[in-house]
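Before any comments, here is the structure.
Sequence lines set the chain letters: A, B, ... in the order given, protein chains first and strands last, and positions in each chain run from 1.
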Amino acid sequence: MRNRIAELVESSLNSAITSQELSTSQLPTITIGTPANTEHGDFSCNIAMQMAKGERKAPRQVAEILIRHLGDGNGLFSKTEIAGPGFINFFVAATAWQASLLEIESQGNTFGRTATGEGKKMQVEFVSANPTGPLHIGHGRGAAIGDTLCRILDASGWDVTREFYYNDAGAQINNLALSVQSRCLGIEPDDQRWPADGYQGEYIKDVARAYLARESVEASDQHTVANGDPKNLDAIREFAVAWLRREQDFDLAAFDVRFDVYTLESGLYTEGRVDSVVKQLIANGHTYELDGALWLKTTDFGDDKDRVMRKADGGYTYFVPDVAYHQAKWERGFTRVVNEQGADHHSTITRVRAGLQALDIGIPKGWPEYVLHQMVTVMRGGEEVKISKRAGSYVTLRDLIDEVGRDATRFFFIMRKPDAQLVFDIDLAKQQTNENPVYYVQYAHARICSIFENAAEKGFKAPVKPAADELKLLTTPEELQLIKIMTSLPDTIDDCAIHFEPHRLTYYLTELASCFHSFYNKNRVISEDTALTAARLYLLKRTAQTLKNALSILGISAPERM
RNA sequence: GCGCUCGUAGCUCAGCUGGAUAGAGCAACGGCCUUCUAAGCCGUAGGUCAUAGGUUCGAGUCCUAUCGGGCGCGCCA
């Protein structure tokens, strides 16, 4: 609806220019807003105020010209008016709202989807947790935001690739292998022989036990059989990585999150990508040697200090393979790449982008794009739970899903905008689950399903493709408001996709559910009036479909009973 | 000290890339179930949008400064 009105305004603008009533040399971008006050109509446009100065006319005068060329929008509007300092307000005719229900019906479970992305490729990298332990709550937020973002971008017409990148060969992985080896040899964390920064979690014992038992492991991207020899550190490393990757697979599966591509840091070395990037950066003259290390002049690209690429010990710092990885993404044809990660890693953005600019291979300055989520503070028993992976004292994602439920956990993680901090009170989420907004939305869906059960018992069912005469009975403010909210789902999806902000969809759902609950309490659906009953059943059929479609994009179920 | 980010009702947060009288949930108070699910609805109360300037027809939103919380500032990832 919003787009339709924007198109009408644009054509009336063109028409006014053709007739030389307006003379603007460049068309302003047309934005259609939704007034907070219903007295100001269903939609409004501020274009007359924006153009007034250039036109050397009063805003209301510009608005008057536009309205004249606009007419009634081929019956779309029941009224258009000029209001306030120069707003154009649009009142959509009830018949137009009613007719839009037919479009929702014909689109079925694809209603809400748009073609905005034009089928172009976009890659989203998220979670990207190193396989040194189970996923914790911070990863959970990243998984929920990243996965929902993928679903939203897909619904917005993008061809999305979901990617998981991890370090399978660095110092931390070596540390992991040493920890497992120590457990294999029966060495405890308080033993002198325990590795300095060893991982102390209970799960390390499980890995050691499985390794000694020569178990085999099938992870989504790893397949291995334990060698069983506690002296063979390489074999332990390989097994531990695969074992923990599989654990993460379990966690992610429980969260209904999946990936298309896994990229291993070690592969960037074995394929020669890291070497090739270093050579290219040297050849382009963006490096220098100092104190036995090789530096990249990232200050040439907006960083506040230069960064070491190759350490004095000969190893590369982590961001070098990261640059190589992103070069590979670019070569794979992703002109748009989004990285979802914790805000505590935000300093990598400048470095990676600087490295890519220094390669001078035509990558745009702002590529890749980033979505950063702020810290999650975990509260349990009224106290903050400190997250320490090495000490093993932290709340895992799986614990959370087991305690709170998948739907509520997902909803909770995405209902705030990513760059706001999140307090996750486990006791609250556990003990007062019916206060969680996700139930409010799901309840609306279950309620509608229940109405249809009752209707079926009494021999009623929603009509298929009803005529305008049958729908014209839908006239109350609640009914029209319900339709209005439903039709804005595609706009909401686009807004979420453009801003990378999944939380907007949770607010949309709450609003839609709220509108339905109000309608339900004020009106009876099944009544003596068979014509009205049919019209309302049709309205609720579309409402249930809209709720289900939107919930599905959030990866949340739409229960038929609660 | 520098960079990023946040600061909106008692609490947790929205506020549609500058629009009209700043909203929701929870908590508080008062109502609504012999009829389709009360996990619901209706109403009341609650605000100097951290502070001070600036930009313009118009600022919670943009700019500057200050104050306060978080994160980052490693030849760790």
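- In this structure, a donor-acceptor pair under 3.5 Å is present between the side chains of A:Thr263 and A:Glu163.
- Within the nucleic acid shown, A:Thr377 has no heavy atom closer than 4.0 Å to any nucleic acid atom.
- Counting non-hydrogen atoms under 4.0 angstrom, A:Tyr507 reaches the backbone sugars and phosphates but no base.
- Residue A:Ser450 is classed as a base contact, given a heavy-atom separation below 4.0 Å to a base.
- A:Asn89 comes within 4.0 angstrom of a base, heavy atoms only.
- With a cut-off of 3.5 Å on both pairing distances, the Watson-Crick or G-U wobble partner of B:rU64 is B:rA52.
- Annotation: A:Tyr443 is in aromatic contact with A:His517 [ring centroid separation under 6.0 Å].
- Nucleic acid contact for A:Asp495: sugar-phosphate only, since backbone atoms but no base atoms lie under 4.0 Å from a heavy atom of the residue.
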Nucleotide N/O to protein N/O under 3.5 Å, stretch nucleotides 8-12 of chain B:
{"residue": "B:rU12", "atom": "O2'", "partner": "A:Arg416", "partner atom": "NH1", "Å": "2.9"}
{"residue": "B:rU12", "atom": "O2'", "partner": "A:Arg416", "partner atom": "NH2", "Å": "3.0"}

Between the protein and nucleotides 73-77 of chain B, list the N/O to N/O atom pairs that are separated by less than 3.5 angstrom.
{"residue": "B:rC73", "atom": "O2'", "partner": "A:Lys305", "partner atom": "NZ", "Å": "3.1"}
{"residue": "B:rG74", "atom": "OP2", "partner": "A:Lys305", "partner atom": "NZ", "Å": "2.7"}
{"residue": "B:rC75", "atom": "O2", "partner": "A:Ala312", "partner atom": "N", "Å": "2.8"}
{"residue": "B:rC75", "atom": "N4", "partner": "A:Asp291", "partner atom": "O", "Å": "3.0"}
{"residue": "B:rC76", "atom": "OP2", "partner": "A:Lys311", "partner atom": "NZ", "Å": "3.1"}
{"residue": "B:rA77", "atom": "OP2", "partner": "A:Tyr318", "partner atom": "N", "Å": "3.1"}
{"residue": "B:rA77", "atom": "O3'", "partner": "A:Asn167", "partner atom": "ND2", "Å": "2.8"}
{"residue": "B:rA77", "atom": "O2'", "partner": "A:Asn130", "partner atom": "ND2", "Å": "3.2"}
{"residue": "B:rA77", "atom": "N6", "partner": "A:Tyr318", "partner atom": "OH", "Å": "3.1"}
{"residue": "B:rA77", "atom": "N3", "partner": "A:His345", "partner atom": "NE2", "Å": "3.2"}

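- Counting non-hydrogen atoms under 4.0 angstrom, A:Asn454 reaches the backbone sugars and phosphates but no base.
- Checked by distance alone, A:Asp419 brings no side-chain donor or acceptor within 3.5 Å of a matching partner on the base of B:rU5.
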Could you go over nucleotides 55-61 of chain B and give all protein N or O partners under 3.5 Å, atom names and distances?
{"residue": "B:rC57", "atom": "OP1", "partner": "A:Lys53", "partner atom": "NZ", "Å": "3.0"}

